[in-house]
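Here's the structure, in structure tokens; my notes come after.
All values below were derived from every heavy atom in this structure, side-chain atoms included, with hydrogens, water molecules and symmetry-related copies excluded. Since the structure is predicted, the reported quantities are computational estimates derived from the model, not experimental observations.
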Amino acid sequence: MGIRTPQPLVTLLAIAYTVIALWLAAYGLNAILLAVLYLRHRDEEPAAPLIDREGLPALTVQVPTYNEHQVIDRVIDAVAALDYPRDRLQIQILDDSTDETTRLAQQRAAHHRARGLDIEVVRRPDRQGFKAGALTWGLARAHGEYVAIFDADFSPRPDFLLKTVPHFLNRPGLGLVQVRWSHLNAEYSPFTRAQAMAFDGHFVVEQTGRNRANLLMNFNGTAGVWRKTCIEESGGWTAATLSEDLDLSYRAQLAGWGALYLPTVDAPAELPPQLAAFKRQQARWTQGSIQSLRKLVGPILRSRRLSLVQKVMALLHLSGYVAHVLMIALLLVSLPVLLFDVAPPSLGNVGLLLSLGPPLVYIISQHRLHTDWARRLTSLPLLILVGVGMAWNNAMAIWRGLTRWGGTFARTPKFRVEGKAGKWLDSRYRLDIDVSIIGEAALTVYALAATVLAHQAGRYAMVPFLLLYAAAFGTVAFLELRQGLISRPRRGR
């Protein structure tokens with residue numbers, strides 16, 4: 001029996017529940033549309049241009065780093081091994097570190113410089129502007145017509161530049177080329193396997209679908225090449241958002257520059273094995289995406305270059321993390337809906353869109369990349385739990401993105417974990433348990449209370465949805481607590 005309550009409140013709750021569910025369904029539908037676009041265009045791989053080594057342009061490789069002593073040697077050795085004419089290759093290690101990373105970088109750079117490579121460790125007076133500031137500082141000192149960017153956790157293959165740079169040569173309007181991220185440590189743990197599937201969905205299906213359907217796509221911050229004039233004429237790097245990559249790539253496309261995505265070219269990188277590190281990474285991306293949305297919504301809507309479809313898809317892309325706020329809102333409104341015996345309109349089709357969209361993207365990506373794709377789908381349940389359970393962490397980041405510009409660029413710690421080998425528990429870079437665990441624990445209890453109420457009220461259709469929330473927030477809270485306690489050093493040792 002529901003509690004008697006005024007009809008206006010009942011109506012308000014029904015409307016709120018329906019609006020939130022429909023808004024969420026829009027993101028589920030967006031995932032399905034991107035999957036359809038991918039399937040439609042998946043075989044439209046751009047022809048590989050002929051490589052004329054004598055005609056290759058001058059190029060600068062930039063590696064922005066900040067306290068990366070565990071991986072700095074690996075990334076320097078990898079970029080030093082890039083196959084490119086030495087007389088046209090410049091490498092900048094843009095180092096803002098405050099620990100021994102600087103010394104290690106200088107030693108490794110000196111080793112390769114003695115072998116004839118133009119490589120230097122570039123230091124700034126301060127860390128103003130964080131990564132965007134480092135890239136701007138380096139760009140002013142770059143000799144290349146093109147700039148390739150790699151984060152410290154990447155290990156590009158030697159032929160990376162030969163597979164990307166030639167695409168620019170006969171396309172003067174092409175501003176950037178992005179490649180797919182692959183994974184150095186996907187098999188390290190169930191958690192990294194779930195992450196790998198999530199990234200594969202983005203890089204195989206979403207990026208390919210957007211780019212080949214002539215929709216706006218984003219530069220992913222690393223493993224890509226820019227035309228230097230495109231960066232400069234599009235307004236350059238800026239720290240106004242924490243997603244300087246997303247911001248600049250959208251500004252470039254709004255200005256008329258082209259973007260090319262190459263899913264068959266990959267750059268291996270390290271996945272964070274610690275849940276707290278993953279949460280930090282996702283929070284930064286979420287805050288930066290919302291800041292970019294605030295900054296770019298006007299230019300997108302006013303653009304005469306973009307069609308209505310391009311504008312709608314761009315706004316869905318930039319606001320994608322809003323789905324996490326909507327998930328929490330739907331959970332929070334569910335309990336009063338049950339308590340006051342509110343009967344919202346049937347949302348069966350909406351639920352179908354919401355549930356099938358993202359898993360479809362993940363399944364397609366695994367089928368495309370791996371012959372043992374069915375086995376890899378065993379990681380899908382954990383991915384769904386983590387994806388939903390991250391909602392509170394990302395909702396707080398959305399609030400920061402809505403209420404402030406810029407912010408502290410909190411780096412994702414790297415531990416040099418490769419394959420199934422490597423340790424991170426005793427690393428000084430490991431993170432403490434994040435305060436967001438309190439919200440996740442509270443939402444777990446809330447979802448369980450709503451589940452009990454739904455069962456007692458005979459609203460059995462809501463029980464699976466509520467149990468999913470309880471399991472998701474509980475899983476994220478448990479994993480972070482477990483990792484945090486294990487990684488904490490014992491006293492006296």
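- Without hydrogens or angle criteria, E270 side chain to F415 main chain gives a donor-acceptor distance under 3.5 Å.
- Under the 6.0 Å cut-off for aromatic ring centres, F154 and W181 qualify, their centroids lying closer than that.
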**OP:** Begin with the C-alpha distance, continue with both residues' side-chain angles, and end with the deciding distance and a verdict on side chain to side chain donor-acceptor pair (under 3.5 Å) for Q178 and N211.
**Re:** CA-CA 10 Å; Q178 173 70 55; N211 188 231; over 6 Å; no
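- Salt bridge present: E187 and R376 bring a charged side-chain N and a carboxylate O closer than 4.0 Å.
- In plain terms, the two heavy atoms of A477 and I437 that are nearest each other are O-CD1, 3.4 Å.
- With hydrogens and angles ignored, the 3.5 Å screen pairs a side-chain donor or acceptor of Y188 with a backbone N or O of G422.
- Put simply, the residue from Q70, R411, H69 that forms a side-chain hydrogen bond (donor to acceptor under 3.5 Å, both in side chains) with Y429 is H69.
- Rounded to the nearest 0.5 angstrom, I300 CD1 and L216 CG are separated by 6.5 Å.
- How far CD1 of I328 is from CD1 of I20: 11.5 Å, rounded to the nearest 0.5 Å.
- Between the side chain of R251 and the backbone N or O of G236, at least one donor-acceptor pair lies under 3.5 Å.
- Without hydrogens or angle criteria, R459 side chain to A454 main chain gives no donor-acceptor distance under 3.5 Å.
- Residue L479 comes nearest to L382 through the heavy atom pair CD1-CD1, 4.5 Å, listed as atom of the first residue, atom of the second, then distance.
- Ring geometry, F278 versus F199: the interplanar angle exceeds 60°, so the pair is classed perpendicular (tilted spans 30 to 60°).
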**OP:** Check step by step if side-chain contact (heavy atoms from CB on, under 4.5 Å) holds for W405 and K295.
**Re:** CA-CA 10 Å; W405 292 109; K295 183 178 180 181; 3.9 Å; yes
Original post:
Would H317 and L215 satisfy side-chain contact (heavy atoms from CB on, under 4.5 Å), going step by step from the backbone distance to the final call?
Top reply: CA-CA 10 Å; H317 182 198; L215 303 175; over 6 Å; no
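- The neighbour count for L301 CG, taken as heavy atoms of other residues, nucleotides or ligands under 6.0 Å away, is above 12.
- Between R141 and E120 there is no salt bridge, since no side-chain nitrogen of the basic residue lies less than 4.0 Å from a carboxylate oxygen of the acidic one.
- Looking at Q207, its side chain never comes within 3.5 Å of a backbone N or O of M217 through a donor-acceptor pair.
- The two residues I72 and A105 come nearest to each other via the heavy atoms CG1-CB, 3.8 Å.
- In this structure the side chain of V177 never reaches within 4.5 angstrom of the side chain of V265, judged on heavy atoms.
- With hydrogens and angles left out, the side-chain atoms of K279 and S436 include a donor and acceptor closer than 3.5 Å.
- Within 6.0 Å of NE2 in H202 there are more than 12 heavy atoms belonging to other residues, nucleotides or ligands.
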Original post:
Could you go step by step and tell me if E206 and Y38 meet the side-chain contact (heavy atoms from CB on, under 4.5 Å) rule?
Top reply: CA-CA 7 Å; E206 295 177 347; Y38 167 78; over 6 Å; no
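- Contact of the N30 side chain with the M313 side chain is registered, since non-hydrogen atoms from C-beta on lie closer than 4.5 Å.
- Interatomic distance, CD1 of I364 versus CG of D200, reported as 13.0 Å (0.5 Å rounding).
- At least one side-chain heavy atom of L82 sits under 4.5 Å from a side-chain heavy atom of F150.
- Remark: side-chain polar atoms of Q195 are paired, donor with acceptor, to backbone N or O of P272 under 3.5 angstrom.
- Here the side chains of V325 and W399 are not in contact, with every heavy-atom distance at 4.5 Å or above.
- In this structure, a donor-acceptor pair under 3.5 Å is present between the side chains of D95 and T65.
- The shortest distance between side-chain heavy atoms of S243 and R284 does not fall below 4.5 Å.
- Judged purely by atom type and a 3.5 angstrom limit, N185 uses its side chain to pair as donor or acceptor with the backbone of L271.
- Contact between A194 and L383 at its shortest, heavy atoms only, is O-CD1, 3.6 Å.
- Checking T60, I76, V61 one by one against I91, the side-chain contact (heavy atoms from CB on, under 4.5 Å) holds for a single residue, V61.
- Taken from OG1 in T102 to CD1 in I93, the straight-line distance is 11.5 Å, to the nearest 0.5 Å.
- Side-chain contact annotation: H324 with N393, donor-acceptor N/O pair under 3.5 Å absent.
- In this structure, the side chains of Q282 and V386 stay at 4.5 Å or more apart for every pair of heavy atoms.
- Ion pairing between R108 and E68 fails under the 4.0 Å rule for side-chain N and carboxylate O.
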Original post:
What do the steps show when you test L246 against T241 for side-chain contact (heavy atoms from CB on, under 4.5 Å), and what is the final call?
Top reply: CA-CA 9 Å; L246 175 62; T241 81; over 6 Å; no
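- The six-membered or imidazole ring of F409 lies away from that of Y66, with a centre-to-centre distance of 6.0 Å or more.
- The closest side-chain heavy-atom distance from V342 to Y17 is not below 4.5 Å.
- Between the R127 side chain and the D96 main chain, no donor and acceptor come within less than 3.5 Å of each other.
- Ring to ring, F473 and Y446 are not that close: their centroids are 6.0 angstrom or more apart.
- The aromatic rings of W237 and F219 sit tilted, their planes meeting at an angle between 30° and 60°.
- Between D151 and K131 a salt bridge is recorded (basic side-chain N to carboxylate O distance below 4.0 Å).
- R294 places a side-chain N or O within donor-acceptor distance of the main-chain N or O of G401, the cut-off being under 3.5 Å.
- Partner of Y469 under the side-chain contact (heavy atoms from CB on, under 4.5 Å) criterion, chosen from L443, L448, T444, L330: L330.
- Here D153 contributes atom CG and L184 contributes atom CG; the two are 8.5 Å apart, rounded to the nearest 0.5 Å.
- I290 has its side chain within reach of V322: a pair of non-hydrogen atoms, C-beta onward, lies under 4.5 Å apart.
- Minimum interatomic distance between S155 and A78 (heavy atoms only, all atoms of both residues): OG-CB, 3.8 Å.
- Between Y321 and S289 the shortest heavy-atom distance is CE1-OG, 3.6 Å.
- Proximity of a side-chain donor or acceptor of Q291 to a complementary backbone N or O of R404 within less than 3.5 Å is detected.
- Note that CZ of R400 is 9.0 Å distant from CG of L242, once rounded to the nearest 0.5 Å.
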